[in-house]
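In this chain, residues are counted from 1 in sequence order. All values reported here derive from a predicted model rather than from experimental measurement. Whatever order the structure lists ligands and atoms in, that order sets their numbers, starting from 1.
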Amino acid sequence: MLVSSLLAGAAVMVGFPLSYVYDHFLQLAVGSGLIALFLSILLYIKSLAAPESALAPGGNSGNPLYDFFIGHELNPRIGFFDLKYFCELRPGLIGWCLINICFLVKEQELRGSPSLSLILVCGFQALYVMDALWHEEAILTTMDIVHDGFGFMLAFGDLCWVPFTYSLQGYFLVRHPQELDIPVAVGIVLLNAVGYIVFRESNSQKNTFRRNPADPRVARLETIPTATGKRLLVSGWWGIVRHPNYLGDLIMALAWSLPCGLSNILPYFYVIYFTVLLIHREARDEHQCIKKYGVAWKEYCRRVPYRIFPYIY
Ligand SMILES: NC(=O)C1=CN([C@@H]2O[C@H](COP(=O)(O)OP(=O)(O)OC[C@H]3O[C@@H](n4cnc5c(N)ncnc54)[C@H](OP(=O)(O)O)[C@@H]3O)[C@@H](O)[C@H]2O)C=CC1
Ligand SMILES: CC(C)CCC[C@@H](C)[C@H]1CC=C2C3=C(CC[C@@]21C)[C@@]1(C)CC[C@H](O)C(C)(C)[C@@H]1CC3
């Protein structure tokens with residue numbers, strides 16, 4: 001991320017036309033979609049020669065189309081280089097930030113300086129990406145890494161969907177500049193801060209607990225024992241709703257769209273899509289947890305009845 005930002009800075013200094021990315025946004029998005037399609041075809045062909053033990057639990061249904069979509073092989077590698085782990089964190093997330101930098105450059109060219117709205121959106125999203133990279137080991141336990149294979153869903157999601165749809169607020173702001181009053185901007189910064197605290201604290205609490213349940217930061221929390229020997233947190237963040245990290249993520253998503261005003265639905269695409277994605281993801285995770293923890297999970301659901309939004313859902 002640092003190297004990419006430095007290179008982007010150097011490109012601006014030498015007058016490299018970064019605004020090209022804004023001017024050819026659609027063409028670049030289609031190009032990356034085609035690369036993802038090509039990559040997933042290669043991955044599927046490679047998976048046909050993989051041993052049974054290397055196949056993904058979630059992508060070995062026997063239906064070639066479904067397995068192509070979810071990913072047939074769990075962790076395809078070239079030597080020791082893990083393609084899925086690399087794609088989950090590097091090209092798409094860093095590419096998303098680089099695209100935002102190109103939008104800032106474009107606005108500088110068009111209007112002399114980037115607007116406060118665009119600076120806020122790019123700043124919030126850069127924080128989110130840096131957080132994901134800083135805590136990169138946390139993705140090793142996500143269902144994408146543990147359960148799903150590396151197929152079209154993740155190749156397309158990581159290489160095309162993330163950089164080109166997650167940056168739509170910035171794209172919108174270059175085309176439709178928005179004036180933002182300082183009190184409104186302060187309110188939006190506070191909303192993003194609340195979302196980030198809920199997201200980061202809840203993720204860190206679970207990760208610390210999973211690494212070392214005796215850690216003084218989590219040792220006093222109430223838990224439910226399960227037949228696997230692992231325990232489930234039932235107080236702290238994980239006692240408020242069953243997915244406090246999703247709640248924080250959604251609050252941030254809203255804060256990224258609000259600087260774009262309320263006149264157009266396009267900047268709210270991310271909030272809407274992400275709500276659907278996380279509700280679906282929560283249902284998939286619930287299904288896995290019921291299989292893993294049985295009655296203990298049912299007891300957890302009884303103690304913590306709301307999934308993502310307290311008193312609503
Ligand atoms: N921006 C984006 O596009 C996306 C962002 N995300 C974000 O990524 C982060 C990770 O999300 P995700 O991988 O979906 O899932 P989670 O980090 O929420 O992990 C779910 C797992 O946590 C463990 N767990 C659940 N409840 C408890 C509990 N009470 N006590 C202890 N352990 C528990 C279970 O695994 P086990 O018991 O085996 O440890 C469960 O399978 C989230 O912050 C999410 O918002 C996710 C997807 C897309
Ligand atoms: C319409 C598409 C086919 C749907 C694609 C879904 C993907 C965009 C998401 C599935 C899981 C994702 C994760 C992240 C980004 C979006 C996808 C690929 C993630 C890298 C975002 C940052 C987080 O901190 C994370 C935990 C690293 C995420 C992991 C899952």
- prompt: Counting both backbone and side chain atoms, is some N or O of Leu233 under 3.5 Å from an N or O of ligand 1?
  reply: yes
Close approach of Gln288 to ligand 1, heavy atoms, under 4.0 angstrom: no
message: Heavy atoms only, cut-off 4.0 Å: how does Trp237 contact ligand 1, side chain, backbone, both, or neither?
response: neither
query: Between Asn245 and ligand 1, does any nitrogen or oxygen pair lie at a separation below 3.5 Å?
result: yes
query: In the protein, which heavy atom is nearest to atom 23 (C) of ligand 1, and how far is it?
result: Lys206 CD, 3.7 Å
query: Which one of His287, Arg210, Met252 has a non-hydrogen atom at the shortest distance from atom 39 (O) of ligand 1?
result: Arg210
task: Answer with side chain, backbone, both or neither: which part of Cys289 has a heavy atom less than 4.0 angstrom from an atom of ligand 1?
output: side chain
Residue pairs fulfilling salt bridge (charged side-chain N to carboxylate O under 4.0 Å, His left out) with at least one residue in residues 26-51, sequence neighbours excluded: Lys46-Glu73
query: Any non-hydrogen protein atom below 4.0 Å of atom 11 (C) of ligand 2?
result: yes
message: Give the atom numbers and elements of ligand 2 that come within less than 4.0 Å of a heavy atom of Tyr273.
response: 8 (C)
query: So is Tyr166 close enough to ligand 2, meaning a heavy atom under 4.0 angstrom away?
result: yes
task: Quick one: list whatever passes side-chain hydrogen bond (donor to acceptor under 3.5 Å, both in side chains) with Asn63, sequence neighbours left out.
output: none
message: Counting the benzene-type ring for Trp, do Phe25 and Phe164 have ring centres under 6.0 Å apart?
response: yes
query: Under 3.5 Å, N or O to N or O, is Arg281 touching ligand 1 that way?
result: yes
- prompt: To which of Asp158, Ile145, Asn203 does the heavy atom nearest atom 9 (C) of ligand 1 belong?
  reply: Asn203
query: Does Arg231, backbone or side chain, put an N or O under 3.5 Å from an N or O of ligand 1?
result: no
task: Could you tell me whether some N/O pair between Tyr300 and ligand 1 is separated by less than 3.5 angstrom?
output: yes
- prompt: Should the proximity of Asp249 to ligand 1, defined as any heavy atom under 4.0 Å, be assigned to the side chain, the backbone, both, or neither?
  reply: side chain
